[in-house]
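Written out below as structure tokens is the structure these notes cover.
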Amino acid sequence: MSQKARIAQGGRIDRSRTIRFTFDGKRYEGHPGDTLASALLANGVHLVGRSFKYHRPRGFLSAGSEEPNGLVQLEMGGGRTDPNFKATQIELFDGLVAESQNRKGSLRYDRNAVNDRLAHFLPAGFYYKTFKWPAAFWTKVYEPRIRAAAGLGKAPTAPDPDRYLHRHVWTDVLVVGAGPAGLAAALAAARTGARVILCDEQPEVGGSLLSESGRGITVDEVAPDAWLERAKAELGQHPELTVLTRTTCFGYYDHNYLGLLEKVTDHLADPPPDLPRQRLWRVRAKQVVLATGAIERPLVFPDNDRPGIMLASAARTYLNRFGVLVGREVVVCTSDDSAYDAALDLQGAGAKVTVVDQRHTPIGERVVHAQTAGITILRGQGPVGSQGRFRVAQLHVQALDEAGRPIMGRVQALSCDAVLMCGGWNPTVHLFSQSRGKLRWDEGLAAFVPGEGMQEERSAGACRGSWTLAEALVEGLAAGTEAAVAAGFEAHPTPAPAVREPVLGPHQPVWLLEGDRAGQRAWVDFQNDVTAKDLKLANREGFRSIEHVKRYTTNGMATDQGKTSNVTGLAIVAENLSRPIPEIGTTTFRPPYTPTTFGAFAGPSRGDLFDPVRRTPMHGWAERQGAVFEDVGLWKRAWYFPKPGEDMHAAVERECRAVRNAVGMFDATTLGKIDIQGKDGAEFLNRIYTNAWSKLGIGKCRYGLMLREDGMVFDDGVTTRIGEQHFHMTTTTGGAAGVLAWLESWLQTEWPELQVYLTSVTEQWAVIALQGPKARDVLQAVLTRGDISKEALPHLSMTEAEVAGIPARIFRISFTGELGFEVNVPASYGEIVTDALHRAGQPFGITPYGTEAMHVLRAEKGYIIVGQETDGTVTPQDLGMDWAVSKQKDFLGKRSLSRPDMLSPDRKQLVGLLPVDPKLVPGEGAQIVESPKPKLPAKMIGHVTSSYHSASLGRSFALALLSGGRARHGQRLWVSHGDGTAEVEVTAPVFIDPEGARLHG
Amino acid sequence: MLLITCPHCGPRAETEFRNGGEAGIVRPRDPAALSDGAWTGYVFTRQNPKGRFHERWCHAQGCGRWFTAVRDTVTDRFLSFHPAGEQPDEAGR
Amino acid sequence: MTRFSIFSLARNALSGHANWPAYWRSPEPKRGYDVVIIGGGGHGLATAYYLAKVHKVTNVAVLERGWLGGGNTGRNTTICRSNYLYDESAALYDHAMQLWEGLSAELNYNVMFSQRGVLMLAHNTHDLQIARRTVHANRLNGVDNELLTAEEAKAFCPQLNLSKDIRYPVMGAALQRRGGTARHDAVAWGYARGADRLGVDIIQNCEVTGIRVEGGRAVGVETSRGYIAAGRIGCVAAGHSSVVAGMAGIELPLESFPLQALVSEPVKPAFPCVVMSNTIHAYISQSDKGELVIGAGTDQYISYAQRGGMQIIEHTLEAILELFPIFSRMRMLRSWAGIVDVTPDRSPIIGRTPVDNFFINCGWGTGGFKATPGSGHVFAHTLAHGEPHPINAPFTLDRFVNGRLIDEAAAAAVAH
């Protein structure tokens, strides 16, 4: 029989079907309902991994998400590879392939196991004390070796084929955990009519009841199983109740916002392509019930880490839920009554069981039952060692004194093939702690329990230290009702269930059982190989805070995040320092509760959905013209329009020449546009722009600069007076949203007395710039109404007209220095009008140009671009734009301009540069220095902001910000270029038509 | 993600809002009359308190209106919300 | 003090490691010190160390409210680099870089400083301009930094996704080969151990509750463990700087924001260097333990809660997966937050305050860890002499009054 540890009957697996899986290349069989862990154990496989540091053989410690040892790499092919999966959480499916991790060679013959023999030299923090010399060796020699030895599984190397989705929900009550307390809570809440979500990490609801044999327990006169079936039936009857299985609540954030991860297809052999692999639920809950149960504590004794040594509750789960008997000769070591359930159940399944109880006089009802059942109980004794290479074969036990210390004397060796540990229970307070709740140490329970809460939540059952089923059901019922009432619903009267169960005796923890042999190691953190000695060393070396101890030893930092090691570690440190546990502190729990997939957080927000893509109405037109696009903020802007065989340089030269000599057309739609209405519009503009606006005539345009209050240029653009109380503002493309928000904030919070109303109209208008000496000719050809003559529409004015039959606002604006018009039409007509202008322009040689040519053309004219000539440290004076700064009125940022540093003559000022070599184009960002071969560190006196080759000038040119630049016109300086420098001459920052004849043409 | 109650729209997720920092900073009436130091106080100096804090929020993805909230910066609990023009009282209500 | 070495390790192994001494004493505070440093993070401890080592000022106490390195020192993503744009910043951060390079030897403690290279990505023409400007400036300042094409960047970091189908394809990068990472906790512990050896009193669980100011001069601190007189006080309280300075009646241009970070589960070596993208907010490296260490952006509101919103984590991982889609199936193991004190120009304030003998070292924002040795070194000079070191002289509080800002944030201004 292949599944030699599988008992003949029982459990929640489907024995009618057999499924095959592979572990480390070997094929095994299991059943639907198994986890990978239960199936391996059914096949007698206990050795499943190697520890992080010493590469010690490791078997399963647990049966759940707290598992530190049984980590595997799931290898399903096609990019589906998953490191560090806990085998205890992997639902078995046909064809599953898993590999053990962190071994060099085979699991049995791991060459890195030599580390275990060197353990003396590798105490906690050993790496801080050595590997320092010689210095260069750290990066080159030591670190690569340490890195190669560290890590566990292997990261994927191919893209993930799966999809992840997000759901957003508001709910009245979220119940986390579908054990007895959670079920009772969810049903109680649902009965009030509240919207309820019940989630649980397991594939089915039931929690601890799934592992329950039901021995000696009844609920309302029926076995717990039957109660569970009844509860499940009722779940289906509440339409407002959503049950999410395979769903872990991993994070409890502010204001009752919780993150849930639903594993939708991880358990399927062939995931249907229409389903996401996982779904991230973002839940805003009015009220939360935490019913997250408890996690059993291991015992810390020498060599407590051998395969076959596991938690008592885990053995019980493997037996009752999966029909797997983890050993035939079993020793149960405990300081708590609960382990007697495991002893009784395993004995009932045919194992020979011995109980080693650290308590001298255990009195609980289960103890009596065990005794009656003929189980040997060694009272007042504890484990002090073990033997067995790949599986435990012997347990050493010794008598303990009243304080739990081994009494010198005879050590008894018990032969065994499994050891079950129970050091009491830790309530699963992770989510409560994440919610900012304060934990309280309960000395009687020897556990942290929820103390003062900070959010709209309550805990029920084992997660608040209520161990009995009766308490779980009663508290769950009360918590569910209370939550629903707090969410505004009327309580639905339900009597508390009547529960009969064995009476618990008191728990008496013994945190550390030390043997008397030197060199013995007792594990606290099984995965990270942290032993009680390491904790002691950390304490000896002055690490007293639990946070220090944790960081120094790595206790609790493994992939289980200390679920089985934090509290025992804390208790041992408290003993070492002779201080009460609460004084040592506790770690604050942080999300996630269990490791959560990156892809699930990102969800569908990848590629084009990473950020919205904004396209202008003429985008398709530009594509058909062969445009290459660039990202500017969220926009895709046409960068240049290469003809066949042209590179970017050639295309840009051609486009520039066309604008200077004939006419070009440019999509300027992305500029921000704000419609300003109200009687105080002009006054408002006076306050936010550096120049004066009161006297701007209707139909006239004006360029304006905006400053932040620190005096630095923040945005610029042309604003036009459409009517007495109506303005049309343009902003930079990237600044549009920020400018609107900025203006709104001033209006709403500082100047509420102004009657001004702002509306973003960026999306409403398509804007086509026609630039060049033939611009008017082209526009005239498609003008169906209006007058665009020089006299009727001079530079910086606007007229309402009709272009190709479409109503249009035509602005006489130029950002090239040429005769220019910006035709604004309703966005939906953008493409039609573009096309009409393009066709009409053919006889004139019209040429579409992109942002690169636009940059060259405006730079030739010395027009700045905010964000290129400015970087948030540049004032209007620095740009030589004093002409745009009013001396009379106040405006935002004005006061800052008179601070001492703003008046300094050595401020960087805008200049032009002409490279002495006319073919040489300095890099944008090149630094300006005063000598050709400066000594490092060099004194840098400025930098190149814009730099191009100009077709019109037949040479290169640049704009720069240069310290004291306006006084340096004519000077020869050097700019950094490649590995050296290039000589440049400083000029005024205007290279074309300084008189503006073309502009006004 | 905080839950913020817009005084005009009701409770909404934080992602709909833009934080505007300290509330109640009034732009000086006559900046030119201020010393450099006094002007700097207005432009740059911030309370940054540990505890109760009056701050500005804009319901940017909703009604677009600015309002004032009182929040405890230690717990991040909101104590109250106020439309523009309404002053929180001493107790932050 | 026991020197740490492979030999002392071997020797102690024989005695079962039972004889290692404590890294530092836990003294009761004295009634007064020449210098009291408020804040036992990396910067504060480094300050104490250099005060004792360089300036022979040993009558020094470091007061820590909680545990050493428990603030941002133990909460950052451990990136070290010095490729800052402005001369003042480059000088400050490269001063730190030079100290990093000898730090393990200096402290006789392995801080695991690993010069794996820091790659800063450019995603648009504007990014490229900024990168080029920075590279040119760095080189002329004697700071290593080089411009790479997208393909060269991929050669350096083969995991990088150069697909043109991502929302903001990688167009190039700046690489500082001397940049890298260090083990954050070890920095605090190494400085603490070194300072203690030189006679500095390191006092944990000692919260400063008041600053006693007499006639415009600070004379001591009120603490949860009593009053401690001080010749000079250095406030190195990071996110709590406004609170401590407020005790001396000083208002600062600071705001404290939550800054989150996260790690994945540990895996075998899968990532060779540090990659940063300021444009899409992605910061990633792999720790010696094997965890992918990922930095997120700040939340938008002031908070002292050391926690932040899940949406910030989502955005961060979206960005990471754009650049490294192979990490989609990796899992977040742990996330946390620090409180970062941010100045209007994103540069620190190191120097005098309006209150005599009360000095501040704050405003490091999201990038203080990398500066730890340099920050401590120049602040020690400032405290010892009452005057700034030439390197921190530009980083005054006064710059907000006279306008001489060092605006590293502005340099990355929004594109046109």
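Residue numbers start from 1 in every chain, and the chains themselves are labelled A, B, ... in the order their sequence lines are given, proteins ahead of strands.
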(message) For C:Ala319, which atoms come within 4.5 Å of any heavy atom of chain A: side chain, backbone, both, or neither?
(response) both
(message) Tell me if the NZ atom of A:Lys129 is crowded by more than 12 foreign heavy atoms within 6.0 Å.
(response) yes
(message) Looking at C:Asn141 and A:Pro937, would you say the former's side chain and the latter's main chain have a donor-acceptor pair under 3.5 Å?
(response) no
(request) Would you check, one step at a time, whether the test salt bridge (charged side-chain N to carboxylate O under 4.0 Å, His left out) holds for A:Arg551 with C:Asp185? (result) CA-CA 8 Å; A:Arg551 286 158 179 262; C:Asp185 293 329; 2.8 Å; yes
(request) Hey, could you give me the CE/OG1 distance between C:Met330 and A:Thr596, rounded to the nearest 0.5 Å? (result) 13.0 Å
(message) What part of C:Phe113 gets within 4.5 angstrom of chain A, counting heavy atoms only: side chain, backbone, both, or neither?
(response) backbone
(message) Does any backbone or side-chain atom of C:Ser335 lie under 4.5 Å from a heavy atom of chain A? Answer side chain, backbone, both or neither.
(response) both
(message) I'd like to know if C:Arg399 pairs up with A:Asp901 as an ion pair, taking the criterion as any Lys NZ or Arg NE/NH1/NH2 lying under 4.0 Å from an Asp or Glu carboxylate oxygen.
(response) no
(message) Quick check for you: among A:Phe589, A:Phe52, A:Tyr257, which has the greatest number of heavy-atom pairs under 4.5 Å with chain C?
(response) A:Phe52
(message) Under 6.0 Å between ring centres: does that hold for C:Tyr23 and A:Tyr552?
(response) yes
(message) A:Phe598 and side-chain contact (heavy atoms from CB on, under 4.5 Å): which single residue from C:Ser264, C:Pro325, C:Ser328 fits?
(response) C:Ser264
(request) With salt bridge (charged side-chain N to carboxylate O under 4.0 Å, His left out) as the test, would you mind laying out the steps for C:Asp87 and A:Lys939 before giving the verdict? (result) CA-CA 9 Å; C:Asp87 300 349; A:Lys939 185 182 169 206; over 6 Å; no
(request) Answer with side chain, backbone, both or neither: which region of A:Arg544 has an atom nearer than 4.5 Å to a non-hydrogen atom of chain C? (result) side chain
(message) Taking side chain as everything from C-beta outward and backbone as N, CA, C, O, which of these in A:Ala558 sits under 4.5 Å from a heavy atom of chain C? Side chain, backbone, both or neither.
(response) backbone
(request) Output yes when a side-chain donor or acceptor of A:Lys154 lies under 3.5 Å from a complementary backbone atom of C:Val267, and no otherwise. (result) no
(request) Inspect the contact between A:Asp82 and C:Arg331 and indicate whether a charged nitrogen and a carboxylate oxygen are less than 4.0 angstrom apart. (result) no
(message) Just so I understand: if I count every heavy-atom pair under 4.5 Å between each of C:Leu292, C:Val111, C:Val401, C:Thr134 and chain A, which residue has the most?
(response) C:Val401
(request) Below 4.5 Å from any heavy atom of chain A, which atoms of C:Glu291 appear? Answer side chain, backbone, both or neither. (result) side chain
(message) Less than 4.5 Å to any heavy atom of chain A: does that hold for the side chain of C:Gln286, its backbone, both, or neither?
(response) both
(message) Heavy-atom cut-off 4.5 Å, strictly under: side chain, backbone, both or neither for C:Ile294 against chain A?
(response) side chain
(message) I need the residue from A:Gly603, A:Ala158, A:Gly585 with the largest number of non-hydrogen atom pairs under 4.5 Å to chain C.
(response) A:Ala158
(request) Verify side-chain hydrogen bond (donor to acceptor under 3.5 Å, both in side chains) between C:Thr125 and A:Glu630, making sure each step is shown before the conclusion. (result) CA-CA 8 Å; C:Thr125 42; A:Glu630 70 165 337; 3.0 Å; yes
